[in-house]
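Here the structure comes first, spelled out in structure tokens, and everything after it is commentary.
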Amino acid sequence: MDKANKTDLMLNAPVEKLIIKLAIPTIITMVITNVYNLVDTAFIGTISTAASGAVGIVFGFMAIIQATGFLFGQGSGSIVSRSLGQGNVDDATTTASSGFYSSFLAGLLITVLGFIFMDPIVYFFGSTDTIAPYAKTYLTYILIAAPGMTGCFALNNLLRFEGMALNGMVGMLSGAILNIGGDALFIFKFNMGIAGAGLSTCISQYISFAILMYPFITGKTQVKISPFKMDKNFRQYTHIMNTGLPSLIRQGLSSIATIILNNLAAGYGDAAVAAMSIATRISFLAFSLALGIGQGFQPVCGFNYGAKKYDRLRHAFKFTIGLAEVVMSVFLVFMFIFSEDLVALFRDDPEVIIIGTRALRAQCIGMILLPVVSVGEMMFQSSGNTRFATTLSLLRNGLLFIPALFILSSLRGLYGIEEAQPVAYILSYPIGIGMIIYFLIHLPNESKSN
């Protein structure tokens, strides 16, 4: 398909088919990536409970790396889709180049600072003395991979916002599959333990990076990525970061909340840290389905908002909400029923299973409301309404969740820690609904042509 037809497809094809077409590669990518994370957790769980806890510690730090990649990837991608909707390919190319190289350099900075402050980092993220050696070993390889990881997130988002989600899927999927194979090889065949899991992640991330870069190098994309195309005006980088700020807040606050959760859970032993880590990863697999559908909607939103096709945007949003709710509800019912069996797959420890099962079931209850708020946040970000998107991210991931952790843990102990995230989801729902209604009402009623 030529580049002109891609734009025509985003602006004129039936939104139902278009969103499903764009969502399927994204869902597959997210599900396989999360399956890898779960397999990684299961493999490491065969080492010890302390090793399982180390995964949760490093997972919190990896959220910072992901937040950095999404800051520049989502920020530049959202601007790119609106520019392409307006027909400004040169502006889109400048934005894409600026966003990608900023992301890669930020990853390098994370690597340098991570090695300097490794010991404080693992304890800051909630490590106990028994977990710390495993966490530091695993973190070493993650830090080496950090520039490739931030680059992958940026490239995948740029491809997705251009409507090339399939290419993004190939790159991310290749890395996840290689990672699973590498885990089995390095952990069991070469007896490298948790270091094998880290090495596998590092290698697979750079392979994904090369695959994701290929469409940009070979001219298969509308936008180009070149250091010579980077914007020389600092204001553009501010615009990219402001647009990507909700993603940074979402991921960054998730990391902060993970730190707090791990520290609070550590008071109940390694089993509690491991159980909460396992429950969080399993629940995120369900969330990834709704998130993938929402990310299929994002380029449609950006293109049509840029082209002033507001009626089409409204229709696309309503369809996305309905589809995400149905798909996620089915999955959550399954997870609730088989929670105990799912947790046991990743650590055959009676204490871990008891804690993890209750935590996972609480997550299932709260997450039933999540698609509406999550897709609404994506709509705000993709249309450039960073004020609403940032506010909703702050509420759902920090201003409601973090106080809930402290209040409920003091009132209900470990039960309160398990219940904090679902409570935050429920409290954010009416606020998100109000913002969404206000936004949709204030869009013009009649579509405007270019």
Side-chain angles (χ1 to χ4, degrees), residues 25-26 28-30 32-37 39-41 43-44 55 58-59 61-74 76-77 96-97 99-115 118 136-160 164-187 189-190 192-218 220-221 224-227 251:
T26 306
I28 292 172
T29 300
M30 298 198 70
I32 296 298
T33 300
N34 280 282
V35 166
Y36 152 69
N37 286 332
V39 170
D40 193 41
T41 303
F43 284 166
I44 293 173
V55 176
V58 178
F59 187 69
F61 184 81
M62 288 172 69
I64 292 178
I65 299 174
Q66 185 174 8
T68 304
F70 270 74
L71 169 67
F72 295 104
Q74 288 262 16
S76 57
S97 297
F100 166 72
Y101 283 105
S102 296
S103 178
F104 190 83
L105 291 173
L108 283 174
L109 181 62
I110 290 173
T111 299
V112 173
L113 294 177
F115 276 114
M118 182 178 290
K136 286 190 282 187
T137 299
Y138 195 30
L139 182 59
T140 296
Y141 292 96
I142 299 303
L143 288 173
I144 295 171
M149 293 173 73
T150 55
C152 281
F153 287 125
L155 291 169
N156 182 46
N157 276 289
L158 287 168
L159 286 168
R160 187 168 56 79
M164 298 181 66
L166 184 61
N167 296 76
M169 181 196 76
V170 171
M172 300 298 284
L173 202 58
S174 300
I177 293 171
L178 287 171
N179 214 338
I180 293 172
D183 273 353
L185 180 66
F186 294 130
I187 294 175
K189 180 69 174 178
F190 296 145
M192 291 179 64
I194 198 167
L199 178 60
S200 176
T201 298
C202 186
I203 293 172
S204 63
Q205 285 296 324
Y206 281 107
I207 292 174
S208 281
F209 179 85
I211 295 172
L212 289 166
M213 180 62 84
Y214 179 77
F216 295 98
I217 295 173
T218 55
K220 296 183 182 298
T221 56
K224 304 291 185 292
I225 289 180
S226 167
Q251 299 296 331

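The figures here come from the full heavy-atom set of this structure, side chains too, leaving out hydrogens, waters and symmetry mates. Computed from a prediction, not measured in an experiment: that's the story for all the values here. All residue numbers refer to positions in the sequence shown, counting from 1.
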Please output the side-chain donor-acceptor pairs of residues 103-113 that fall under 3.5 Å, not counting sequence neighbours, one pair per line with the distance.
unit_1, atom_1, unit_2, atom_2, d
Ser103, OG, Thr150, O, 2.8
Thr111, OG1, Gly107, O, 3.2
Thr111, OG1, Leu143, O, 2.7

Between side-chain atoms of residues 62-74 and protein atoms elsewhere (two or more places apart, or another chain), which donor-acceptor pairs fall under 3.5 Å?
unit_1, atom_1, unit_2, atom_2, d
Thr68, OG1, Ile64, O, 3.0
Gln74, OE1, Gln298, NE2, 3.3

Please list every donor-acceptor pair under 3.5 Å in which a side-chain atom of residues 164-174 meets a protein atom from a residue at least two apart or in another chain.
unit_1, atom_1, unit_2, atom_2, d
Ser174, OG, Val170, O, 2.6

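Within the structure, salt bridge (charged side-chain N to carboxylate O under 4.0 Å, His left out) pairs that include any residue of residues 136-153 comprise Asp119-Lys136 (at least two apart or interchain).
Rounded to the nearest 0.5 Å, atoms OG (Ser208) and CE (Met213) are 13.0 Å apart. To the nearest 0.5 Å, atom CD1 of residue Ile177 and atom OG of residue Ser204 are 11.0 Å apart. Rounded to the nearest 0.5 angstrom, Leu212 CG and Ile217 CD1 are separated by 11.0 Å. If you take SG on Cys152 and CE on Met149, they are separated by 8.5 Å, rounding to the nearest 0.5 Å. Separation of atoms CG (Leu139) and CZ (Phe115) is listed at 7.5 Å; rounding is to 0.5 Å. Rounding to the nearest 0.5 Å places CZ of Phe61 at 8.5 Å from CE of Met118.
Contact between Phe216 and Leu155 at its shortest, heavy atoms only, is CE1-CD2, 3.7 Å. Contact between Asp183 and Ala197 at its shortest, heavy atoms only, is OD1-CA, 3.3 Å. Here the shortest heavy-atom pairing between Tyr101 and Ser226 reads CE1-C, 3.5 Å.
A side-chain donor-acceptor contact under 3.5 Å links Ser97 to the backbone of Lys224. With hydrogens and angles disregarded, no donor-acceptor distance shorter than 3.5 Å links the side chain of Asn179 to the backbone of Gly175. In terms of modelled atom types and a separation under 3.5 Å, the side chain of Thr137 and the main chain of Ala195 share no donor-acceptor contact.
Heavy-atom neighbours of Tyr214 OH from other residues, nucleotides or ligands within 6.0 Å: at or below the threshold of 12.
The closest side-chain heavy-atom distance from Ser200 to Tyr141 is not below 4.5 Å.
In this view, Leu185 and Lys189, Phe190 satisfy the side chain to side chain contact (heavy atoms under 4.5 Å, CB included) rule, not counting sequence neighbours.
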